[in-house]
Amino acid sequence: MNTSKPIRVRMAPSPTGYLHIGGARTALFNYLFSRHYKGTFILRIEDTDQERSKEEFEDAILQDLRWLGVEWDEGPIKEGAYGPYYQSERLDLYRKYLKKLQELGKVYACYCTPEELEAERQDLLKRHKTPKYLGKCRNLTEQEKKALEAQGRPSVIRFRIDEKDPIQFHDLIRGDISVDPSILGDFVICKPDGWPLYNFAAVVDDCEMKISHVIRGEEHISNTPRQILLAKTLGLELPQYAHVSIILAPDRSKLSKRHGATSLGDYRTQGFLADALKNYLALLGWNPGDEREIMSEKELIQDFVLERMVKSPAIFDVEKLKWMNGMYIRNSALDTIVHESLPFLEASGLSVKDKHPHWLKKVIETIRGNLETLNQVGSFSELFFDEKFTLAEEAKTQLLKNKKEVLEVLNALDTLLAKAGTIDLEGFQKLQEDLKSKVTVSDKKLLFQSQRLALTGRLKGPEMTVVMPILGVDSCRKRIQITKSKLSL
RNA sequence: GUCCCCAUCGUCUAGUCCGGUCUAGGACACCUCCCUUUCACGGAGGUGACCCGGGUUCAAAUCCCGGUGGGGACGCCA
């Protein structure tokens, strides 16, 4: 790869919606690329669509990017030498380049109405031709223009395409791409109110901001020839392009709202860890060339090269993301997981304020092996919270099935607990030995299961070896009483 | 419809550039077994793919052509 120029990449979201999983992945690739080559990662807000741009979306995008750990070096909040980083604040610049285009005679005013344009489009479609602007206003005389203006018709500015030779460019991921300019049609670069449109603003900014590599979604391949034409006409130095394949839903269609969570925020509230999502996203369309899958950010940065990007689109598989998230929940620092779990615990109605931090840590430590996502933390840990203690129907049935034995076990256990005073890991072993010698029940399974059912109210859960010490003697005894009374034993 | 892009297990992918070592490797999911008082974790196995048709070649997942399929674009959105 040509790395003679300083590496500068950018992510250019438009604040017209929340950050999409695909956008996050594109941002991530840009970020990894910039870090790998020790370059600069720029965040540019493309807010030229005044009607749809909302501050709320911009805030969310910034927040989500930060949550993912994709930090930018230049952009909003972090001003740099190539600012401003909002297109709405760069209008003078576009005006300057527009003037240049006018002087070169490469643009013209178009007075066609949206209805006329749509009719033209439909007509071309019907005749099996490429729908494009045919150039009706290309050669308007001054008088014609005046007449149109007198009618009160607003006008847009179109870029005049005179090229006949194929527009070719080398895509760093896809290789050589060639497009016949005749399919393009003169495209609009400025709206009636003078605001620039995407293809114009983006290429001006990419060049002005000295972007070395434009890494963006595949949907932009068709914009590239237009941008190249504009840049060449303006004498601007072009960046290199790399078009990343898009992410598809399981039904092979474009990922959208009807497929459930699509914005990054959705994944966060569903209990996915930023590191896990980052890891998963990095592996969607890229791989390190060996069989590693769980990779730290450091490793991702070290190994990230465009040469290893996959060209075909990838289907987003939430099952694999869940698996990876589980891996991160199990293997991250316990304190981190405890901290991340707090909001989910609260959301499940489990109050942790009056609980000892050490106790909570123990709880999370014992149940984290069961978790795929953090929003399951409540349902797996509530058995440790006395205020949530209830006997599940199936637990009741099981206990009732062996009424006599259960009563014997519980009474013996209660006595033993009262005598023990406290209980820890070793104490549990001793307790079980004593229990075994005190009761007539010899079935190991029945012995353990009765205790589990009576103390947790559930059929399943972590080993009793850890459950009992975490509950403590008081809680255990309290639960024995409740269970007994509920079963009228 | 037109143009552009893509095509290996259900899914993510290695292998394709430089054809033989690929009876196609790994991971998720699924199934079986082991561990285990239960769940989960963990461990060991298993099912499962080169889109189709031609061509080049001693030899094709790999190169070429055609077809088919999928996706993207065709905005006074980005």
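First the proteins, then the strands, lettered A, B, ... as listed; each starts at 1.
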For this session: Within residues 194-209 of chain A, find the residues that approach RNA chain B with a heavy atom at under 4.0 Å, and present them sorted by residue number.
Result: A:Leu197, A:Tyr198
Seminar exercise, completed: Within residues 280-288 of chain A, those residues having any heavy atom closer than 4.0 Å to RNA chain B are A:Leu283, A:Leu284, A:Gly285, A:Asn287
Does a nitrogen or oxygen in the side chain of [X] sit under 4.0 Å from OP1 or OP2 of [N]?
| X | N | value |
| --- | --- | --- |
| A:Arg330 | B:G42 | yes |
| A:Arg252 | B:G72 | no |
| A:Arg121 | B:C74 | no |

Once side-chain hydrogen bond (donor to acceptor under 3.5 Å, both in side chains) is applied, do any residues pair with [X], and if so which ones, sequence neighbours excluded?
| X | result |
| --- | --- |
| A:Gln398 | none |
| A:Asn279 | A:Tyr328 |
| A:Lys132 | none |
| A:Ser379 | none |

Review item, side-chain donor-acceptor pairs of residues 282-294 of chain A, under 3.5 Å, at least two apart:
from     : atom 1 : to       : atom 2 : distance (Å)
A:Trp286 : NE1    : A:Val305 : O      : 3.4
A:Asn287 : OD1    : A:Gly289 : N      : 2.9
A:Asn287 : OD1    : A:Arg308 : NE     : 3.3
A:Asn287 : OD1    : A:Arg308 : NH2    : 3.0
A:Asp290 : OD1    : A:Arg292 : N      : 3.1
A:Asp290 : OD1    : A:Arg292 : NE     : 3.0
A:Asp290 : OD2    : A:Arg292 : NE     : 3.1
A:Asp290 : OD2    : A:Arg292 : NH2    : 2.9
A:Arg292 : NH1    : A:Glu299 : OE2    : 3.3
A:Arg292 : NH1    : A:Asp303 : OD2    : 3.3
A:Arg292 : NH2    : A:Asp303 : OD2    : 2.4
A:Glu293 : OE1    : A:Lys320 : NZ     : 3.4
A:Glu293 : OE2    : A:Lys320 : NZ     : 3.0

Exercise. Between A:Asp162 and A:Lys106, is there a salt bridge with N-O shorter than 4.0 Å?
Worked result: yes
Problem set entry | Nucleotide B:C77, atom C1' - distance to CZ of A:Phe57 in whole Å | 14 Å
Exercise. Got a sec, which residues hit side-chain contact (heavy atoms from CB on, under 4.5 Å) with A:Ile61, two or more places apart in sequence or on another chain?
Worked result: A:Pro13, A:Leu19, A:Leu65
Problem set entry | Pair assignment for B:U38, Watson-Crick or G-U wobble, requiring both distances under 3.5 Å | none
Exercise. For A:Arg330, what residues pass the salt bridge (Lys or Arg N to Asp or Glu O under 4.0 Å) criterion, not counting sequence neighbours?
Worked result: none
Seminar exercise, completed: Those residues at least two apart in sequence (or on a different chain) that pass salt bridge (Lys or Arg N to Asp or Glu O under 4.0 Å) with A:Asp206 are A:Arg10, A:Arg44
Exercise. Just wondering, more than 12 heavy atoms not from A:Gln151 lying within 6.0 Å of its CD?
Worked result: yes
Can you check nucleotides 3-7 of chain B for protein contacts, nitrogen or oxygen pairs under 3.5 Å, and list what you find?
from : atom 1 : to       : atom 2 : distance (Å)
B:C5 : O2'    : A:Arg174 : NH1    : 2.3

Problem set entry | Between B:G70 and B:C12 - P atom distance, rounded Å | 16 Å
Shorter than 3.5 Å, N or O on both sides, protein versus nucleotides 25-28 of chain B: list them out with atom names.
from  : atom 1 : to       : atom 2 : distance (Å)
B:G25 : O2'    : A:Glu291 : OE2    : 3.4
B:G26 : O4'    : A:Glu291 : OE2    : 3.1
B:A27 : O4'    : A:Glu293 : OE1    : 3.2
B:A27 : O2'    : A:Glu293 : OE1    : 2.3
B:A27 : O2'    : A:Lys320 : NZ     : 3.1
B:A27 : N3     : A:Lys320 : NZ     : 3.1
B:C28 : O2'    : A:Lys320 : N      : 3.4

